[in-house]
> 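Sharing a structure below in structure tokens format, with a few things to ask.
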Amino acid sequence: MKTEVYSWRVSATRKAELESEARREGISLAGLLEQITTVWLEQRRAGRNGDEAEQAALRKRVMATVGKIRGGDPTRSQRASELVKEIIRRKHHKESNAFRRAD
């Protein structure tokens, strides 16, 4: 038994079209609206299921790569400060040598 009421405004033309279709089908206007909304909702859900399946597949592929950066040196993050200092030292040394050659 249906107990919920839903109300919305439609144009006079749309109302007449709905009533005409309900008569042609031999059902009440409420029955026609129930059919229309059921079909519409089923189509929407079916369309989203494809999207949801695709999103799940994408998430699975992305999550397989999270935290798996290949760098060759497993201690690099622990030695970051030391490595940056070495890069700066080399750059400074290279610039110093270039400056000496220019003189």
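All values derive from a computational prediction rather than experimental measurement.
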> Before accepting this row, confirm whether a basic side-chain N of the pair Glu42/Arg45 lies closer than 4.0 Å to the acidic partner's carboxylate O.
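Looking at Glu42 and Arg45, the cut-off is not met.
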
> Is Tyr6 linked to Leu29 within one hydrophobic cluster, defined over Ile, Leu, Val, Met, Phe, Trp and Tyr using a side-chain heavy-atom separation of less than 4.5 Å?
yes

> With rounding to the nearest 0.5 Å, note down the distance linking CD in Glu25 to CZ in Arg23.
12.5 Å

> Return the OG1 to CG distance between Thr13 and Leu18, rounded to the nearest 0.5 Å.
11.0 Å

> After noting the C-alpha distance and the side-chain angles of Lys85 and Glu82, does the key distance pass the side-chain contact (heavy atoms from CB on, under 4.5 Å) rule?
CA-CA 5 Å; Lys85 287 176 185 175; Glu82 174 188 332; 5.9 Å; no

> Passes salt bridge (Lys or Arg N to Asp or Glu O under 4.0 Å), Arg89 versus Glu86? Steps please.
CA-CA 5 Å; Arg89 188 188 63 72; Glu86 178 62 25; 2.5 Å; yes

> With a 4.5 Å heavy-atom cut-off, do Val39 and Gln35 have their side chains touching?
no

> Just by modelled atom types, is the Ala16 backbone N or O under 3.5 Å from a matching donor or acceptor in the Ser20 side chain?
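It does not hold such a pair.
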
> When you group the ILVMFWY residues by side-chain heavy-atom contacts below 4.5 Å and let the links chain together, are Leu41 and Trp8 in the same group?
no

> Nearest 0.5 Å, please: how far is CZ in Arg24 from CG in Leu32?
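With rounding to 0.5 Å, CG (Leu32) is 10.0 Å from CZ (Arg24).
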
> Report whether Ile27 and Val10 are members of the same hydrophobic cluster (ILVMFWY, side-chain heavy atoms less than 4.5 Å apart, transitive linking).
yes

> Measuring from atom CZ of Arg90 to atom CD of Glu95, what distance do you get when rounded to the nearest 0.5 angstrom?
14.0 Å

> Mark yes or no for whether Ser28, through its side chain, and Gly31, through its backbone, hold a donor-acceptor pair below 3.5 Å.
yes

